[in-house]
Amino acid sequence: MISFTDTHCHIHDLEFFPGGGDEPYEQGCAAGVRRQFLVGTDSRSSEEAVRFCADKDGGAYAVIGIHPHEAEKELPGSAEFLRWCRAQTGKKLVGIGEIGLDYHYDHSPREQQIALLEKQIELALELQLPVSFHVRAAFDDFWPLFDNFHGIRGVLHSFTDTVETMEKGLERGLFIGVNGIATFARDRDETTKNIPLDRILLETDAPFLTPAPIRGKINVPGNIPLIASYVAELRGITVEELSQGTERNVDRLFF
Ligand SMILES: [Zn+2]
């Protein structure tokens with residue numbers, strides 16, 4: 001079977017999957033999504049991600065961090081959160097995320113988003129872990145902040161910006177995360193086509209961003225093959241070639 005990794009999903013998050021993520025996890029494994037990265041968005045869901053992975057044999061990996069939306073709520077307790085993160089290092093923790101800046105929604109004041117992002121980048125560098133970045137309508141502030149640090153490795157998760165912005169990410173060694181948006185936002189085709197094969201990562205961002213042709217349902221990791229076939233066809237390569245390329249990228253960045 002062709003194998004994939006879902007590098008960004010939230011099926012462990014009880015807010016989104018009140019019945020627990022075990023069923024979508026198993027279903028994803030059966031669909032060839034042999035590795036699934038459970039990504040935190042605040043301190044609660046980061047703890048849930050670690051707990052979810054602990055009792056899975058293999059295949060479930062945790063990415064922990066605080067989303068920019070939560071900066072206002074979580075910044076006061078961030079020292080304690082960072083201490084907790086340091087205690088989670090081990091074979092199931094593969095990254096810090098999702099962290100970044102979101103000026104599209106501005107759910108938290110920008111200076112608090114920036115302060116929290118800097119603390120979490122420092123943590124990633126200290127723990128030598130890659131980062132899953134969420135950056136929306138904020139690249140003008142993001143690049144100078146990024147360039148103040150040295151040695152950051154990571155992915156621009158759910159990338160929907162221009163080819164020009166993508167090139168700025170590639171210059172800095174970043175990977176580009178592609179999800180269901182590629183299947184229904186056709187104005188992104190140019191970007192999706194131009195990502196070098198050695199820099200693409202596949203993700204679902206489940207429960208969000210369900211790919212075509214099953215829009216309207218709750219998204220799950222088992223939908224990675226739908227995204228992969230769309231992307232492969234768009235790029236004129238086989239699904240096998242895309243799988244080989246993206247799996248190699250996962251190994252290079254996270255393992
Ligand atoms: Zn996400």
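Atoms within a ligand are numbered from 1 in the order they appear, just like the ligands themselves.
Looking only at atom types and distance, the side chain of Ser45 has no donor-acceptor partner in the side chain of His10 under 3.5 Å away.
For Glu98, the N, O or S atom with the smallest separation from the Zn ion (ligand 1) is OE2. When you scan the N, O or S atoms of Asp205 for the one nearest the Zn ion (ligand 1), you land on OD1.
Counting all heavy atoms, side chain and backbone alike, Ile218 lies closest to Thr210 at C-OG1, 3.8 Å. Across all non-hydrogen atoms, the minimal contact from Pro221 to Gln36 is CG-OE1, 3.4 Å.
Applying side chain to side chain contact (heavy atoms under 4.5 Å, CB included) to Lys119 and the options Ile66, Leu82, Ile114 leaves one that passes, Leu82.
With 2.8 Å as the limit, His157 does not count as an N, O or S neighbour of the Zn ion (ligand 1). Among the backbone and side-chain atoms of His8, an N/O/S atom is found under 2.8 Å from the Zn ion (ligand 1).
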